[in-house]
Novice: 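Have a look at this one.
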Amino acid sequence: MLIDARDEFFHILENSLTGETPILRIINSCNSVMELMQQTNFVGGCLFGNTALEMTDSNPRFGEIIQEIFTHWTTRIEQQVLQATDTGEFKSEIPSHSLATAIVSMLEGGIMFSRVYGNKKGLEDCILAIRSFLKCRR
């Protein structure tokens, strides 16, 4: 089940990284995360985040799969950050990998907040912060 979910998420991630610019691709990817979570009304949160918290210490195989998922997700975001930097669309003193890690972490935190409060506001706030940061660093 976890491997199937991983494969499905990788497909969704690739399809969500669309847009004319790297920053727009990151924002569209964030919006896709919101759409996924809205489909379940935020019930259950993120399978990968939940598994990371509950299973990675006790099940090495789950830990490997979760690391693979977060590594892939972070790498794909980092590629967009690097492209945005290379084209002059974005400038930051934060290393691209650190920024990509922060974006993924903010999304996961937003999912957690939305789950706790049972509405989209937590994730919405995190996406707003990501959008603002990416647009304000030109």
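Along the sequence shown, residues carry numbers from 1. Excluded from the calculations below are hydrogen atoms, water molecules and symmetry mates; all remaining heavy atoms, backbone and side chain alike, are included.
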Novice: If hydrophobic clusters are built by linking Ile, Leu, Val, Met, Phe, Trp and Tyr wherever their side-chain heavy atoms come under 4.5 Å apart, do Ile94 and Phe90 end up in the same one?
Specialist: yes

Novice: Can you tell me how far apart CG (Asn119) and CZ (Phe42) are? Round to the nearest 0.5 Å.
Specialist: 7.5 Å

Novice: For the hydrophobic clusters of this structure (ILVMFWY residues joined by side-chain heavy atoms under 4.5 Å, transitively), does one cluster hold both Leu128 and Leu107?
Specialist: no

Novice: Quick check: is Leu17 connected to Ile23 through a chain of hydrophobic side chains (ILVMFWY, heavy atoms under 4.5 Å apart)?
Specialist: yes

Novice: Tell me, do Glu68 and Ile3 make a side-chain contact under 4.5 Å, heavy atoms counted?
Specialist: no

Novice: Go through it in stages, so that I can follow the logic: the residues are Glu108 and Ile111, the test is side-chain contact (heavy atoms from CB on, under 4.5 Å), and I'd like the CA-CA distance, side-chain angles, deciding distance and then a yes or no.
Specialist: CA-CA 5 Å; Glu108 282 294 323; Ile111 292 167; 4.2 Å; yes

Novice: Do Gln83 and Glu89 make a side-chain contact, defined as non-hydrogen atoms from C-beta onward lying under 4.5 Å apart?
Specialist: no

Novice: Does the plane of the ring in Trp73 sit parallel, tilted or perpendicular to the ring in Phe9? Use 30° and 60° as the thresholds.
Specialist: perpendicular

Novice: Determine whether Val81 and Ile127 fall in the same hydrophobic cluster, where Ile, Leu, Val, Met, Phe, Trp and Tyr are linked whenever their side-chain heavy atoms lie under 4.5 Å apart.
Specialist: yes

Novice: Of all heavy-atom pairs between Ser32 and Ser16, which one has the smallest distance, and what is that distance?
Specialist: OG-CB, 3.0 Å

Novice: Give the cluster check for Met106 versus Val33: same hydrophobic cluster or not, with ILVMFWY residues linked at side-chain heavy-atom distances below 4.5 Å.
Specialist: yes

Novice: Among Gln79, Glu78, Gln80, which one satisfies side chain to side chain donor-acceptor pair (under 3.5 Å) with Ser96?
Specialist: Glu78

Novice: Which residue in the set Val104, Leu13, Asn15 passes side-chain contact (heavy atoms from CB on, under 4.5 Å) when paired with Ser29?
Specialist: Leu13

Novice: Measure the spacing between CD1 of Ile103 and OG1 of Thr74 and express it to the nearest 0.5 Å.
Specialist: 9.5 Å

Novice: Rounded to the nearest 0.5 Å, how far does CG of Asn41 lie from NZ of Lys120?
Specialist: 11.0 Å

Novice: Would you say that more than 12 heavy atoms from the other residues, nucleotides or ligands in this model lie under 6.0 Å from the CZ of Phe113, or not?
Specialist: no

Novice: To the nearest 0.5 Å, tell me how far Glu8 CD sits from Leu36 CG.
Specialist: 8.0 Å

Novice: To the closest 0.5 Å, what do you measure between CD1 (Ile130) and CD1 (Ile27)?
Specialist: 9.0 Å

Novice: By the rule that ILVMFWY residues connect when side-chain heavy atoms come within less than 4.5 angstrom, directly or transitively, which residues belong alongside Leu82?
Specialist: none

Novice: Let's go through Lys121 and Glu124 carefully: what are the C-alpha distance in whole Å and the side-chain angles of both, what is the deciding distance for salt bridge (Lys or Arg N to Asp or Glu O under 4.0 Å) to 0.1 Å, and is it a yes or a no?
Specialist: CA-CA 5 Å; Lys121 184 163 178 16; Glu124 236 174 18; over 6 Å; no

Novice: Measure the spacing between NE2 of His72 and CZ of Arg6 and express it to the nearest 0.5 Å.
Specialist: 10.0 Å

